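Since the model is a prediction, treat every value here as computed from it, not as a measurement. Letters A, B, ... mirror the listed sequences (proteins, then strands); counts begin at 1.
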There are 2 protein chains.
Amino acid sequence: MNLDFDINQFMEDFSKNCNKVQVKKFNKGEVITNYIQKRNQFCMLMEGSADLVRYDYNGNKTIIEHFTKGNAFGEIFYTINTNNEFFVEAKKLSKVLFFKYDDIKTMCSKNCTFHRSLEEKLPEIILNKVIDLNTRIELLTKRTIRDKLLGYFSTLSTRTFSKTITLEMSLTNLADYLSVDRSAMMRELRDLKEEGFIKKVGDKIVLLHK
Amino acid sequence: MNLDFDINQFMEDFSKNCNKVQVKKFNKGEVITNYIQKRNQFCMLMEGSADLVRYDYNGNKTIIEHFTKGNAFGEIFYTINTNNEFFVEAKKLSKVLFFKYDDIKTMCSKNCTFHRSLEEKLPEIILNKVIDLNTRIELLTKRTIRDKLLGYFSTLSTRTFSKTITLEMSLTNLADYLSVDRSAMMRELRDLKEEGFIKKVGDKIVLLHK
DNA sequence: ACAAAATAGTTGCAAATGCAACAAAAACTT
DNA sequence: AAGTTTTTGTTGCATTTGCAACTATTTTGT
């Protein structure tokens with residue numbers, strides 16, 4: 001199996017070849033889309049990064065997902081059960097590709113490159129998302145803050161083939177991503193340093209003996 | 001969009017029409033598959049129910065996913081980062097459809113019903129899984145045992161359009177599913193009863209004023 | 001029908017986590 | 001370059017959760 005086709009090239013081609021696809025840019029902090037109604041919306045991040053954020057009734061913020069180049073998101077993937085607030089927020093200047101899921105199959109038998117190609121790649125794209133979500137579930141099911149941190153570091157380390165990792169987000173956001181209290185996480189991070197599991201070098205973290 | 005095509009009929013047809021598909025039965029407690037190597041394995045549950053289970057280094061059990069009729073699972077969806085033990089265990093007498101993901105595209109241009117149909121349905125099947133996983137993440141990111149319980153009940157309630165719900169698993173397993181300590185969960189369950197959020201009637205739970 | 005196993009239910013106590021509040025440092029703005 | 005905002009880092013204390021251990025009840029297997 002090959003999940004590693006060139007998703008970037010793919011998105012470039014799409015955005016140029018089909019009039020059912022929209023491309024929009026968003027500045028840091030802007031809301032890309034919110035999850036309220038079922039609009040069949042399917043989005044892909046072409047540039048930048050973004051978070052799917054939830055605020056619960058207590059004002060607790062949770063980063064449900066973190067998206068980087070090539071990731072898919074949108075209401076098509078989500079069923080909202082609660083009345084909490086959900087939205088996707090750009091963390092950097094971002095370029096996003098929008099289309100309706102229904103459009104993939106219902107139109108363009110007239111050989112639009114976009115449609116043929118998307119239909120072919122769709123399983124791979126969604127499968128990538130499944131793998132990301134499973135990785136996330138593995139993290140969230142860890143019982144302690146320590147295990148969540150080490151699990152997160154280990155995922156980054158595996159992804160980049162390096163024991164020296166660069167966090168993709170601020171520590172404040174990491175706490176929201178791991179769904180734990182920030183100060184408790186900071187405490188754990190200090191302990192991990194003191195006990196020699198990790199080392200901080202500038203803005204990077206080095207994983208020591210496991 | 002229609003995610004609700006007849007997945008059962010679909011699986012029946014497959015199991016009869018293609019020699020690359022295997023169907024096996026498993027008794028309660030038997031291991032259906034384990035997640036160790038990358039074998040491109042794609043499975044679908046035709047009958048029964050099953051759990052994807054992880055045991056960590058402390059012997060803590062976590063139910064990573066719970067599968068019922070129509071759900072897809074298998075290594076194709078999963079990247080194991082840890083050296084923990086992962087396997088799928090039948091919870092009832094179950095019938096499982098097995099095939100290799102690669103087989104979907106690489107063979108049978110000779111019009112095998114299975115292949116044409118599977119290629120068409122694949123995005124929907126995987127999309128269903130994404131939605132399940134997102135629902136699961138929403139639960140796991142809730143901060144307290146109370147919120148996890150209420151969230152779980154609420155999901156079941158929405159699914160069955162009823163305030164009276166039947167748990168899909170034992171309370172012991174529910175604790176493993178919510179990734180919390182069983183006795184702490186029982187305590188919370190008692191408090192929810194005492195505070196009038198829920199009521200137990202036989203093996204059913206009734207959700208009262210929210 | 002009986003024994004064995006699994007599940008439900010409970011409790012005291014220890015440990016982990018969350019909350020609130022603050023100071024220092026770093027990163028953005030204009 | 002100065003002011004503002006965000007992030008990092010820390011602490012004391014309250015609350016929640018986990019752990020261990022045990023009994024009662026229900027389910028399962030033979």
Student: Can you identify which nucleotide, out of C:dG18, D:dT11, D:dT7, has its nearest atom closest to the A:Ser170 side chain?
Tutor: D:dT7
Student: Round to a whole Å and report the spacing from NZ of A:Lys148 to P of D:dT17.
Tutor: 12 Å
Student: Side chain of B:Met186 only, please: which of C:dG9, C:dT11, D:dC19 is the nearest?
Tutor: C:dG9
Student: Rounded to the Å, how far apart are A:Asp181 CG and C:dC19 P?
Tutor: 6 Å
Student: Can you figure out which of C:dA8, D:dG18, D:dG9 approaches the side chain of A:Lys200 most closely?
Tutor: D:dG9
Student: Does B:Lys95 count as lying over the ring of B:Phe26, i.e. NZ or CZ under 6.0 Å from the six-ring centre, within 45 degrees of the axis?
Tutor: no
Student: Under 4.0 Å, counting only non-hydrogen atoms across every strand here, what does B:Arg182 touch: a base, just sugar-phosphate, or nothing?
Tutor: base
Student: For B:Leu189, which contact category applies under a 4.0 Å heavy-atom criterion: base, sugar-phosphate, or nothing?
Tutor: nothing
Student: With sugar-phosphate meaning primed atoms plus P, OP1 and OP2, does A:Arg187 contact a base, only sugar-phosphate, or nothing at under 4.0 Å between heavy atoms?
Tutor: base
Student: Does the side chain of A:Thr172 come under 3.5 Å of the side chain of A:Arg182 through a donor N or O and an acceptor N or O?
Tutor: no
Student: Starting at the 5' end of DNA chain C, which residue's closest nucleotide do you reach first, B:Lys28 or B:Ser183?
Tutor: B:Lys28
Student: Which nucleotide wins on minimum distance to the side chain of A:Thr172, given the candidates C:dA8, D:dT7, D:dT17?
Tutor: D:dT7
